Number of protein chains: 2
Amino acid sequence: MSQPGLRERKKEKTRLALIDAALDLFLAQGYEATTVDQIAAAVEVSPRTFFRYFATKEDVALSLPVDGQEVMLRELAARPAEEPPFVALGHAMRAVVAELQNGDQTETRRFLKARELIESTPALFAGSVSRMMENERRLIAEIARREGCSPDDLLPHFVVSLFTSVARVGFESCHPRTVEDLPAFAERLEQILALAERSLRPGWDRV
Amino acid sequence: MSQPGLRERKKEKTRLALIDAALDLFLAQGYEATTVDQIAAAVEVSPRTFFRYFATKEDVALSLPVDGQEVMLRELAARPAEEPPFVALGHAMRAVVAELQNGDQTETRRFLKARELIESTPALFAGSVSRMMENERRLIAEIARREGCSPDDLLPHFVVSLFTSVARVGFESCHPRTVEDLPAFAERLEQILALAERSLRPGWDRV
DNA sequence: TGTCATCTGTCAGTGGCTGCCATAAATTAC
DNA sequence: GTAATTTATGGCAGCCACTGACAGATGACA
């Protein structure tokens, strides 16, 4: 059962403890009003150790959504090659939301807590956006690979860029705060995907 | 001629001097390797004064592109109301590029220097992106006003989001470094706008 | 049990950024 | 032209995010 050794498990435990403590403190007294020392103290760890787990104070708040993007990429890679790029991206996104709805409640709650915090904190929102951009490059690479074209081609850029627009508008226009909000969010996502489909010419995302 | 008083002119002068010194130092020895003290010293100003002109070290590098977005917004507001939103956005963008091509050479060079620096510095690129998002909200508001709908409606979000995608892909796929590169950039922009037009159904951005 | 790799705490230090107060310069009022 | 007022600047003390280096603690493994 315990595949990873004691050391690994301990590390994962402190990592989660740091995230939880940080999220709670940030939500309670504000992001910038909270110091790293406070977070470290709450977990009974030295401030230096905090920075061994997270490169910056921002990272501890963003780590969960960043992980989510990793999942998105894996899901995309698992989609069949016949699917047109935009369709594949849509299904990958649906899979991520589904996992959020059906997965471990504790994790989901943590994730939503992080998203709420990020949306209500300009500095974190900015950070979140720029990491999405980072991830966008990887999505482009994956789409280019699927379609057998160069990552420098205009089309994969355009497809991914348009898709992330859809995803972003989804989050912006419907802020899921609890597990109960997730179905509404999923529905909202469908609305926007439908709007996109209505707006675009059939076959626009291929060749 | 000298509409603004001596005080105002002096301030503008130090502001530009700080930007120039900062850009040169950043390009010469790297962004993070350059300290605010160095920039201040180069302009013979106290470090404290630097922070009276720019809230952060990042700001001095991003101020020019941020000003550019301001121009974009003004141009958009000047477009006739009959134009469909996406067309109006396209023309506003063209106007900005044209102003860049025909305006003061010194200013244009400064602007391009800033863009080059930003694109080659991850931290600055991240900051740049998140400010674009800030601006995106204002573009959405303007489109909503033009179209007589609510800024919360899906359509203006979608239109603007898609347009900024186009703009971003334009910059990413063609990095104008000197004034001579600008025509090529303008052409690239046209290509992407054409691609977008080909991909979208007529009338998609209205009603 | 002992050796080794890895994690952790301590400490000293850099650099971004701010509040505060005194001074100097430009603007305005007289 | 001078005095009064506003506004920009410099210097200083200090907070906090973040880092490198070293020493001690703690799992891993034989």
Side-chain angles (χ1 to χ4, degrees), chain A residues 1-19 21-23 25-26 28-63 117 121-124 126-128 130-131, chain B residues 1-19 21-23 25-26 28-63 117 121-124 126-128 130-131:
Chain A
M1 202 71 263
S2 54
Q3 193 107 6
L6 170 58
R7 193 168 243 160
E8 291 282 324
R9 271 178 287 144
K10 229 177 171 178
K11 272 183 75 177
E12 190 55 24
K13 209 172 134 192
T14 5
R15 189 184 128 86
L16 284 178
L18 282 171
I19 293 178
L23 290 180
L25 282 168
F26 290 162
Q29 56 185 26
Y31 171 68
E32 18 253 347
T34 306
T35 67
V36 171
D37 288 26
Q38 288 173 5
I39 303 170
V43 187
E44 291 183 305
V45 162
S46 86
R48 189 67 186 85
T49 294
F50 174 93
F51 286 108
R52 291 207 174 88
Y53 282 86
F54 302 98
T56 68
K57 173 177 156 186
E58 205 184 67
D59 274 23
V60 71
L62 299 181
S63 65
L117 173 71
T121 309
L124 286 177
S128 167
S130 68
R131 296 190 194 223
Chain B
M1 201 73 260
S2 56
Q3 194 110 4
L6 170 59
R7 194 170 242 160
E8 293 280 325
R9 271 178 288 145
K10 231 175 169 180
K11 273 184 74 176
E12 190 56 24
K13 209 173 133 192
T14 26
R15 189 185 128 87
L16 284 178
L18 282 171
I19 292 177
L23 290 180
L25 283 168
F26 290 162
Q29 56 186 28
Y31 172 68
E32 16 253 347
T34 305
T35 67
V36 171
D37 288 27
Q38 288 173 4
I39 303 170
V43 187
E44 291 182 305
V45 162
S46 84
R48 188 67 187 83
T49 294
F50 174 93
F51 286 108
R52 291 208 173 87
Y53 283 85
F54 302 99
T56 67
K57 173 178 156 186
E58 205 184 67
D59 274 22
V60 72
L62 298 181
S63 65
L117 173 70
T121 309
L124 286 177
S128 167
S130 68
R131 292 182 201 231

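Just so you know, these numbers come straight off a predicted model, no measurement behind them.
- Between the side chain of B/T34 and the backbone N or O of B/G30 there is at least one donor-acceptor pair closer than 3.5 Å.
- For A/R7 and D/dC29, the CZ to P distance is 9 Å, given to the nearest whole Å.
- The CD-P distance, from A/E44 to C/dT8, rounds to 14 Å in whole Å.
- The side chain of B/Y53 places no N or O atom within less than 4.0 Å of a non-bridging phosphate oxygen (OP1 or OP2) of D/dA8.
- What separates NZ of B/K10 from C1' of D/dT6 is a distance of 15 Å, to the nearest Å.
- Put simply, B/T49 has no side-chain N or O that comes within less than 4.0 Å of OP1 or OP2 on D/dT9.
- Between the CD atom of B/E12 and the P atom of D/dT7 there is a distance of 18 Å, given to the nearest Å.
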Under 3.5 Å between N/O atoms: give me all the protein pairs with nucleotides 17-20 of chain D, atom names plus distance.
| residue | atom | partner | partner atom | Å |
| --- | --- | --- | --- | --- |
| D/dA17 | OP1 | A/T34 | O | 3.4 |
| D/dA17 | OP1 | A/K57 | NZ | 3.3 |
| D/dA17 | OP2 | A/V36 | N | 3.3 |
| D/dC18 | OP2 | A/K57 | N | 2.5 |
| D/dG20 | N7 | A/R48 | NH2 | 3.1 |
| D/dG20 | O6 | A/R48 | NE | 2.8 |

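- Rounding to whole angstrom units, CD of residue A/E8 and P of D/dG27 are separated by 14 Å.
- The CZ atom of A/R9 sits 15 Å away from the P atom of C/dC7 (whole-angstrom rounding).
- The CZ atom of B/R15 sits 13 Å away from the P atom of D/dT9 (whole-angstrom rounding).
- With values rounded to the nearest 0.5 angstrom, A/F26 atom CZ is found 7.0 Å from A/L117 atom CG.
- Taking every heavy atom of both residues into account, A/R15 and A/F54 meet most closely at NH1-CE2, 3.7 Å.
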Please report the C-alpha distance between B/F51 and B/V36 in whole Å, then the side-chain angles of each, then the deciding distance to 0.1 Å, and finally whether the side chain to side chain contact (heavy atoms under 4.5 Å, CB included) criterion is met. CA-CA 9 Å; B/F51 286 108; B/V36 171; 3.8 Å; yes
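- Between A/Q38 atom CD and D/dC16 atom C1' the separation is 11 Å, expressed in whole Å.
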